[in-house]
**Q** 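Please find one structure pasted underneath; my questions will follow.
We count ligands from 1, going down the list as the structure has it; atoms in each ligand are counted the same way. Everything quoted here is computed from the prediction, not taken from an experiment.
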Amino acid sequence: MTSLDTGRYTTAAAVRTALALAIACWLGGTAAAQPKEQKLQKPQAQPTGLRLNDREFFETRGLNVLVFTNQYNGMFFDEKTAGVEIIQHDVRLATGGAVRLSPTPEQWDLIPKMIDRKVDKAANTITCLLRYEAFDFDSRLVVTPEGSGFRVAVFVDKPVPEKLEGRAGLNIEFLPSKFFERTYLADGQAGIFPRHPTGPTVVKPGDTKIRQFEGYTTFENRGRNEYVEPTPVAVGKKLILAPEDPERRVTIQALSGELQLLDGRNLAQNGWFVVRSLLATKATGKVAEWVVRPNIIPNWTRTPVIGFSQAGYHPTQKKVVVIELDPHDTALPAAFLFEVTGDGAPIERMQAKVQPWGSYLRYKYVTADFSTVNRPGLYYIQYGRQKTETFPIGPQVYDTIWHATADVWFPVQMDHMAVNEAYRVWHGLPHMDDALQAPLNIQHFDNYRMGPTTETKYKPLERIPGLAVGGWFDAGDFDFEAPAHAGTILSLADTWEAFKPQRDQTLIDQASHFVDIHRPDGKPDLQQQIEHGTLQVAAHYRAFGRLARGMTDSLLYRYHHLGDASTQTDNLLFDPSLEPYQVEGTRSGTPDDRWVFTMRMPSNNYSGIGALAAASRALRGYNDTLADECLALAKKAYGEERQVAATAVPTGREAAFGQGAELTAVLQLLITTKEQQYIDRFNELVWPALDRPGGRALLAAVKAVPYLGPGATEKLRPYVVKYQAEIDGLAKANPYGVPISTGGWAGSGGVIGWATTNYYLHKVYPDLIDKESVYRGLYFLFGTHPASNVSLVATVGTRSKRLAYGNNRADFSFIPGVVVPGVLILKPDYPEHMDDWPFLWGENEGTIGGASAYLFLANAAQELVGK
Ligand SMILES: [Ca+2]
Ligand SMILES: [Ca+2]
Ligand SMILES: [Ca+2]
């Protein structure tokens, strides 16, 4: 592009913006509705310093400093949500401020245990006692406001252990995506933050590496006794990050020693930029100290987030926009709906009075209701000078919302198949060396476990036949997660039975292990997917008589594989008589065949039984042989599991989970067989379960109502009345009126499950549960949610996820149709959704469970709007 073109473009854009504003004012924006006060430059007041607030973090307008408000929870180790964290202009810019043992800690590197946290309001200080058990090493991290920033210091009562000299340091990590296309100064020396890491690194002797979690290693040394460590990109006493950008500028000064700037992406794609000082050795007292000054824009006010459905609205639906405001912001009196016409001139169709909703988390919320507009067309919302993306209102808006998930996402997740799309190969044929019996007494890095026996007829590391077939990659990783699988098969079977979608846009050939996307083969894709998942589950029942817990990598450096699934293992059968990396015919000496974790868990087995029983119906008429076998396997396994339960009563977690899962199994068996024994058992389980807190039994109960005989509908009604009151309560709990989870994994899956329950209840009790309670789940997914208004379903809606934690995340890309978890609520009050950094799984990792549940909900909504 020439400079002349650039100039013309800029001018044209400016003219368009000015015109749009003029039209907006002229068409309906009353003077009072225009956000003049937002743009007026207020006098440049000096920002006041940080102070400790009641929520136990340091706060001033435009800046928060959190000190172990969120902890390393150990579940997946370093989740990049712990330690000293900086939220600058409402962006969580830095995390992991703590004493760490490596230059750029990876996910499975040792994390400090926080032993004690003292919040001293009088001294305006937070002190954390951190411990590394393996080295008997304690340190104190002290954070105190200073000037417009803060001071962070590390104290030790005993010198740094010898083994950690030159290793233990004060680290803090900066989010790379916020520094792309920006620069830094290190003692005045200029540098550019690289878009992709280009070193430097050094190789060190393997036996000097600090042990990672449980002795696993993230590094494949290819038989060489060595490991890689990043060395600094820059060094100095004073670092200024992004000096050119007032929103991002951070100055860090070392009061003793020097600062290193390192690039964690050299070791792991999810690494961050790290600033680090080594702790002083052979000394006690203060061993590191910095002053950190994140720039603060005076009187900074966050841009409002206009929550709406990026996929648009059916004319009959409510159209309530939720606007998320900075607590310092003043709500405008009105928001506007403009129709976009064919000649590009927008026409104001409605001015909606802005209604206060109240406070939720750290923001305040207002709503604007455009429900009375039902004329089909294209629209956008204007609030102040902000305009949303253009979206449709029309009877067809839900016609295609599940197609990307069914046509692309599920095919790409298919294991034991090569998957092609037009000119592109998504992945070759993976994991044909599945699988070996897992050995004993293991705590695996992806939360699998093995006890003291295999509880199968196989010996540790013995090959289990028939497992290189079917199944899906669980999520952004490649393992076979059995309960998620069972749930996915159930959900797909539900969708098939309820809506019978005949859509055929995929060729799936089990005989040649080949999938071609956008190529019909005369068979409904949904039945083909149900068959594909069932092939793997049925193989477990043939091998073990029950469902194993999962199948995954034995080696951490294979597990974190990114890219083509077919290269995760060598697809050759492991032969211990060969040397590592030696290949003879179809055998190899590389121990990369995956392991099957077979610890007995009744809940897991009941989930598999339910899946097989449901699949036996969904596959009827499509693959009768498999359908017959599924039912036989399910009935046999159910009888056996009941026998086990009669002799060994499960306890603890397994008791609670087991009952819920048995309910699912019995429900599916009774629907398939209509046998009285299952109806009786279901009645025995469901009514007490309904009286317990939790609520999952309600969904099973309402699904079973048609099979339970006369009176069941009325018997269930009081529970639905109670549930309806809970739905009403949600409208007061948050402005979105859906259950928003606050756990370590964001909650779109929970919202989908809730809306799906509402659908089933609406079908039986339309007087109690309305359609809007179903739609609300979709409004949330499609952009009416906190923190941003991006659609959480990639390729659904005008603006949707462009980055996700799929297995192609290293390319800053996504797999179309992925349903991401969405908005993570970090303690105590910060909703976060990263849309320029794909590597936080709690926000961006789609799962087969979430995607299959979405397929159901999307079909349900289509039915309700009257497709
Ligand atoms: Ca997994
Ligand atoms: Ca097909
Ligand atoms: Ca192999």
**Q** Please name the pair of heavy atoms, one in Thr495 and one in Pro501, separated by the smallest distance, quoted to 0.1 Å.
**A**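 Between these two residues, the closest heavy atoms are O-CD, 3.7 Å.
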**Q** On the 0 to 90° scale, with breaks at 30° and 60°, tag the Phe480-His485 ring pair as parallel, tilted or perpendicular.
**A**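 Phe480 and His485: tilted rings.
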**Q** Is it true that Arg463 and Asp593 have a side-chain N and a carboxylate O under 4.0 angstrom from each other?
**A**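 Salt bridge flag = yes for Asp593 with Arg463.
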**Q** Establish, yes or no, whether the cationic atom of Arg222 lies under 6.0 Å from the six-membered ring centre of Tyr581 and within 45° of the ring axis.
**A**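 Yes - Arg222 lies over the ring of Tyr581, closer than 6.0 Å to its centre and within 45° of its axis.
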**Q** As a test of reading the structure, name the N/O/S atom of Asp525 that is nearest the Ca ion (ligand 2).
**A**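 The Asp525 atom nearest to the Ca ion (ligand 2), restricting to N, O or S, is OD1.
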**Q** Go through the steps for His444 and Phe213 under the test ring-ring contact (aromatic ring centres under 6.0 Å, His included), then give the verdict.
**A** CA-CA 10 Å; His444 185 262; Phe213 167 75; 9.1 Å; no
**Q** With a 4.5 Å heavy-atom cut-off, do Trp754 and Leu699 have their side chains touching?
**A**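 Side-chain contact under 4.5 Å: no.
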**Q** So Phe445 and Tyr216, would you call those rings parallel, tilted or perpendicular, with 30° and 60° as cut-offs?
**A**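 Phe445 vs Tyr216 ring planes: perpendicular.
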**Q** State whether Ile508 contributes an N/O/S atom found under 3.0 Å from the Ca ion (ligand 2).
**A**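 No, since none of the N, O or S atoms of Ile508 sits under 3.0 Å from the Ca ion (ligand 2).
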**Q** For the Ca ion (ligand 3), give me the closest N/O/S atom belonging to Asp593, just the atom name.
**A**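 The Ca ion (ligand 3) is closest to the Asp593 atom OD1, counting only N, O or S.
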**Q** What angle, in degrees and rounded to 10°, do you get at the Ca ion (ligand 3) when you join it to O of Leu572 and to OD2 of Asp433?
**A**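 An angle of 100° at the metal.
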**Q** With respect to the Ca ion (ligand 3), please indicate if Pro591 possesses an N, O or S atom at a distance under 3.0 Å.
**A**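 Pro591 does not place any N, O or S atom closer than 3.0 Å to the Ca ion (ligand 3).
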**Q** Take the Ca ion (ligand 1) as the vertex and measure to OD2 of Asp474 and OD2 of Asp446; round to 10°.
**A**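 Rounded to 10°, it measures 160°.
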**Q** Which atom name does Asp477 have for its N/O/S atom nearest to the Ca ion (ligand 1)?
**A**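 It is OD2 of Asp477.
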**Q** Can you check the angle at the Ca ion (ligand 2) formed by O of Lys523 and O of Thr506? Round it to the nearest 10°.
**A**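 Taking the Ca ion (ligand 2) as the apex, the two atoms subtend 170°.
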**Q** Look at the rings of Trp108 and Phe77 and say which category their plane angle falls in: under 30° parallel, 30 to 60° tilted, over 60° perpendicular.
**A**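 Tilted.
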**Q** To make sure I understand the geometry: which N, O or S atom in Asp570 is closest to the Ca ion (ligand 3)?
**A**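 Restricting Asp570 to its N, O and S atoms, the minimum distance to the Ca ion (ligand 3) goes to OD1.
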**Q** As a test of reading the structure, name the N/O/S atom of Asp592 that is nearest the Ca ion (ligand 3).
**A**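 Output for this pair reads OD1.
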**Q** Tell me whether Glu641 is salt-bridged to Arg600, with the criterion being a basic N under 4.0 Å from an acidic carboxylate O.
**A**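 The answer is yes: the pair qualifies as a salt bridge.
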**Q** What's the OD1-the Ca ion (ligand 2)-OD1 angle here (Asp521, Asp504), rounded to 10 degrees?
**A**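 The two atoms subtend 80° at the Ca ion (ligand 2).
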**Q** Output yes if Asp479 passes the N/O/S-under-3.0 Å test against the Ca ion (ligand 1); output no otherwise.
**A**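 Short answer: yes, at least one N, O or S atom is under the cut-off.
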**Q** The Ca ion (ligand 2) and Gln528: any N/O/S contact shorter than 3.0 Å?
**A**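 It does: Gln528 brings an N, O or S atom closer than 3.0 Å to the Ca ion (ligand 2).
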